[in-house]
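One structure is given here, and the rest of the page talks about it.
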Amino acid sequence: NANWGAPLIDSLPRGGQGTLKRRFVGSVRSRVHAKTGYIANTTTLVGVVDSPSGVRYAFALFMNDNAIGDAQRTQNRIVSLLGTGIADNS
């Protein structure tokens with residue numbers, strides 16, 4: 001929605017901010033807007049990432065794992081790959 005879509009996305013932290021402070025590196029960091037969550041061995045990452053060509057990808061990643069750090073690294077990798085444009089023109 002043109003009235004609330006952009007303000008909603010802009011209200012989400014970018015990579016390197018808030019709960020994303022230690023997540024995402026390189027050029028994708030400034031193009032990720034997301035929110036994290038955690039409860040009982042479940043980690044979530046929900047938001048959008050823009051590829052270099054301007055394609056916007058929405059994502060919602062929910063992962064159950066005793067090794068939460070591994071799950072978060074997997075989430076970061078998925079979002080970073082989308083942010084490189086790997087899926088553009090697919």
Side-chain angles (χ1 to χ4, degrees):
N1 182 304
N3 293 323
W4 54 263
L8 174 64
I9 291 169
D10 288 342
S11 74
L12 297 172
R14 290 179 181 252
Q17 299 176 336
T19 57
L20 302 176
K21 186 173 185 172
R22 292 180 178 87
R23 296 180 78 162
F24 305 106
V25 296
S27 63
V28 73
R29 180 175 244 194
S30 65
R31 292 183 274 112
V32 174
H33 294 265
K35 194 70 179 136
T36 64
Y38 172 81
I39 188 169
N41 294 327
T42 301
T43 181
T44 62
L45 183 64
V46 179
V48 297
V49 62
D50 296 321
S51 74
S53 66
V55 176
R56 175 161 283 169
Y57 295 97
F59 57 87
L61 305 169
F62 296 75
M63 302 175 109
N64 295 322
D65 197 330
N66 288 330
I68 290 301
D70 291 341
Q72 290 172 338
R73 281 186 286 281
T74 299
Q75 291 171 340
N76 292 352
R77 182 73 176 136
I78 292 167
V79 173
S80 293
L81 282 170
L82 289 172
T84 66
I86 195 168
D88 290 5
N89 303 317
S90 294

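Bear in mind the structure is a predicted one, so any value in this text is a computation, not a measurement.
Partner D50 forms a side chain to side chain donor-acceptor pair (under 3.5 Å) with one of H33, R56, R31 and no other, that one being R56.
Connection of L61 to L82 is established within a shared hydrophobic cluster, with ILVMFWY side chains joined at heavy-atom distances below 4.5 Å, either directly or through further cluster members. Criterion: ILVMFWY side-chain heavy atoms under 4.5 Å apart, direct or through other members. Under it, L20 and V49 are part of a common hydrophobic cluster. In the hydrophobic clustering of this structure, I78 groups with V55; members are Ile, Leu, Val, Met, Phe, Trp, Tyr whose side-chain heavy atoms approach within less than 4.5 Å, directly or through other members.
Rounded to the nearest 0.5 Å, atoms CH2 (W4) and CD1 (I9) are 9.0 Å apart. Note that OH of Y57 and CG of L81 are 11.0 Å apart. Values are rounded to the nearest 0.5 Å. We find the OG1-CG distance between T19 and L12 to be 9.5 Å, quoted to the nearest 0.5 Å. Summarising the geometry, atom CD belonging to Q75 is positioned 8.0 Å from atom CZ belonging to F24; distances are rounded to the nearest 0.5 Å. A distance of 3.5 Å separates OG1 of T42 from CG of N64, quoted to the nearest 0.5 Å. To the nearest 0.5 Å, atoms CE (M63) and OG1 (T44) are separated by 11.5 Å.
When all heavy atoms of T43 and A71 are compared, the closest pair comes out as CG2-CB, 3.6 Å. Smallest separation of non-hydrogen atoms from P52 and G85: CD-N, 4.0 Å. Closest approach of V28 and G83 over heavy atoms only: CG2-CA, 3.7 Å.
Shown here are the salt bridge (charged side-chain N to carboxylate O under 4.0 Å, His left out) partners of R29, two or more places apart in sequence or in another chain: there are none. For R73, the salt bridge (charged side-chain N to carboxylate O under 4.0 Å, His left out) criterion is met by D70, not counting sequence neighbours.
Two residues are said to be in side-chain contact when any heavy atoms from C-beta on lie closer than 4.5 Å; R23 and T36 meet this criterion.
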